[in-house]
Amino acid sequence: MGGNSRLNRTFFMADVLSVAPLLPGKYLCLTNSDGKTGKHIITEAEAYRGEEDMACHARRGRTKRTDVMYRGGGYVYMYLIYGIHWMLNIVTGREGDPQAALIRGIKGYDGPGKLTRHLGIDGSYYGEDLTQGDKIWIEDSGRQLITGKGKRIGIDYAGEYWRDIEWRFYLK
DNA sequence: TCAGTGATTAGG
DNA sequence: CTAATCACTGAG
């Protein structure tokens with residue numbers, strides 16, 4: 001055996017500050033249009049945590065866009081930024097507590113907009129269940145990996161505290 | 001350094 | 001309806 005295992009609901013329903021550091025090193029898995037499976041090592045992720053986090057989209061509450069963040073861990077949150085780039089996020093935490101981890105890099109494609117373009121992921125993935133189906137899911141690599149941490153990128157508007165907190169996690 | 005590009009959101 | 005904002009990227 002020794003096969004990789006798909007991460008389940010329990011994994012994603014933990015707090016984003018527990019889940020996001022565990023994502024680098026795991027496999028992002030997709031079934032492409034040819035029916036073949038592609039697996040990509042996640043290299044970097046950022047945590048966005050609750051309505052109090054002034055950098056989190058849910059800071060303005062539950063809207064059509066942020067709705068999926070309130071459904072509980074294990075779903076995909078997609079949004080378009082600057083009219084061009086689709087961002088891939090993994091919803092975490094308990095139902096009613098909006099959290100997500102932004103996938104900022106996979107091996108070979110650093111940059112949240114670059115990786116979605118390369119993988120062909122867009123708004124049609126909004127709300128996908130990572131624990132069901134064969135469109136998109138995440139697998140454990142079975143390896144213990146060390147992650148570094150740093151400040152989140154591109155959120156200078158969020159104020160001193162939220163801007164400087166080290167909620168970005170990357171493979172060393 | 002800075003323009004592109006369009007969904008989302010608050011406000012009138 | 002309008003206008004501002006934006007978890008980015010690539011060209012110069």
Side-chain angles (χ1 to χ4, degrees), chain A residues 7 11-26 28 30 40-130 135-138 147-172:
Chain A
L7 299 178
F11 176 88
F12 294 113
M13 285 189 70
D15 192 279
V16 69
L17 294 181
S18 300
V19 177
L22 297 177
L23 290 177
K26 300 241 178 324
L28 173 63
L30 299 116
H40 308 85
I41 296 177
I42 296 169
T43 57
E44 189 173 359
E46 264 175 7
Y48 290 87
R49 188 173 184 268
E51 295 179 348
E52 64 176 26
D53 178 0
M54 295 312 284
C56 180
H57 289 163
R59 68 189 178 278
R60 292 195 234 278
R62 193 168 189 160
T63 65
K64 188 182 177 193
R65 180 171 71 157
T66 62
D67 188 77
V68 72
M69 298 177 81
Y70 289 79
R71 295 178 198 170
Y75 297 96
V76 172
Y77 168 41
M78 299 297 300
Y79 69 91
L80 188 67
I81 189 72
Y82 297 112
I84 305 175
H85 311 289
W86 287 102
M87 301 287 105
L88 169 63
N89 297 257
I90 307 304
V91 176
T92 66
R94 313 282 300 187
E95 189 176 346
D97 182 8
Q99 306 182 343
L102 170 66
I103 305 301
R104 294 197 61 91
I106 57 173
K107 202 168 181 186
Y109 293 88
D110 278 347
K114 290 191 215 172
L115 74 91
T116 55
R117 190 181 59 190
H118 176 248
L119 298 175
I121 304 175
D122 60 18
S124 67
Y125 282 72
Y126 183 99
E128 278 296 315
D129 188 346
L130 291 163
K135 199 169 174 182
I136 183 168
W137 70 99
I138 297 178
T147 56
K149 63 177 178 176
K151 295 177 185 178
R152 294 178 292 181
I153 306 289
I155 52 149
D156 285 352
Y157 63 85
E160 198 177 334
Y161 178 78
W162 299 105
R163 183 179 63 218
D164 294 342
I165 199 163
E166 295 191 326
W167 283 359
R168 180 167 56 94
F169 307 95
Y170 50 88
L171 268 192
K172 276 197 167 170

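Keep in mind the model is a prediction, meaning the values are calculated, not measured. Letters A, B, ... are given to chains in the order of the sequence lines, protein chains preceding strands, and every chain is numbered from 1.
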- Distance, rounded to the nearest Å, where Arg117(A) contributes CZ and dG4(B) contributes C1': 14 Å
- Note on the structure: Taken to the nearest whole Å, CZ/Arg60(A) to P/dT8(B) is 14 Å
- What nucleic acid atoms does Arg65(A) come within less than 4.0 Å of, heavy atoms only: base, sugar-phosphate, or nothing? sugar-phosphate
- Message: Both conditions, 6.0 Å and 45 degrees, for the charged tip of Arg65(A) above the ring of Tyr79(A): are they met here?
- Response: yes
- In whole angstrom, what separates Ile81(A)'s CD1 from dA4(C)'s C1'? 13 Å
- Phosphate OP1/OP2 of dA7(C) contacted by Tyr157(A) side-chain N/O (<4.0 Å): yes
- Message: Between dA7(B) and Tyr79(A), counting only base atoms on the nucleotide and side-chain atoms on the residue, is there a donor-acceptor pair under 3.5 Å?
- Response: no
- Which part of the nucleic acid does Ile155(A) contact within heavy-atom distance under 4.0 Å: base, sugar-phosphate only, or nothing? sugar-phosphate
- Between dC6(C) atom C1' and Tyr48(A) atom OH, what is the distance in whole Å? 12 Å
- Query: So which nucleotide does dA7(C) pair with, by the Watson-Crick or G-U wobble rule with both distances under 3.5 Å?
  - Reply: none
- Just checking Arg168(A): base, sugar-phosphate only, or nothing, at a heavy-atom cut-off of under 4.0 Å? nothing
- Any side-chain N or O of Arg152(A) less than 4.0 Å from the OP1 or OP2 oxygen of dC8(C)? no
- Query: Which part of the nucleic acid, if any, lies within reach of Gly111(A) when heavy atoms closer than 4.0 Å are counted: base, sugar-phosphate only, or nothing?
  - Reply: sugar-phosphate
- Message: On the nucleotide dC8(C), are OP1 or OP2 found under 4.0 Å from the side-chain N or O atoms that Arg104(A) carries?
- Response: yes
- Whole-Å distance separating the CG atom of Asp67(A) from the C1' atom of dT9(B): 15 Å
- Ring centroid separation for Tyr77(A) and Tyr75(A), is it under 6.0 angstrom? no
- Item | Centroid-centroid under 6.0 Å between His57(A) and Tyr48(A) rings | no
- Of all the heavy-atom pairs spanning Lys135(A) and Ser124(A), show the shortest one and how long it is. NZ-O, 3.4 Å
- Could you tell me the separation between the CD1 atom of Ile103(A) and the C1' atom of dA7(C), rounded to a whole number of Å? 12 Å
- May I have the distance from Trp86(A) (atom CH2) to dT9(C) (atom P), rounded to whole angstrom? 15 Å
- Task: Report yes if a side-chain nitrogen or oxygen of His57(A) is closer than 4.0 Å to either non-bridging phosphate oxygen (OP1 or OP2) of dA7(C); otherwise report no.
- Result: yes
- Item | Leu80(A) side-chain proximity, nearest of dG10(C), dA7(B), dC8(C) | dA7(B)
- Note on the structure: Exactly one candidate in Trp162(A), Tyr161(A), Tyr157(A) meets side-chain contact (heavy atoms from CB on, under 4.5 Å) with Met54(A); the answer is Trp162(A)
- Message: Tell me which nucleotide, if any, is Watson-Crick or G-U wobble paired with dT5(B) when both distances must be under 3.5 Å.
- Response: none
- Message: From NZ of Lys114(A) over to C1' of dA11(C), roughly how many Å is that when rounded to an integer?
- Response: 13 Å
- Ignoring backbone atoms, establish whether Lys64(A) has a side-chain N or O less than 4.0 Å from OP1 or OP2 of dT9(B). no
- Message: I'd like to know if the side chain of Glu51(A) pairs up with that of Tyr70(A) as donor and acceptor (distance under 3.5 Å, no hydrogens or angles considered).
- Response: yes
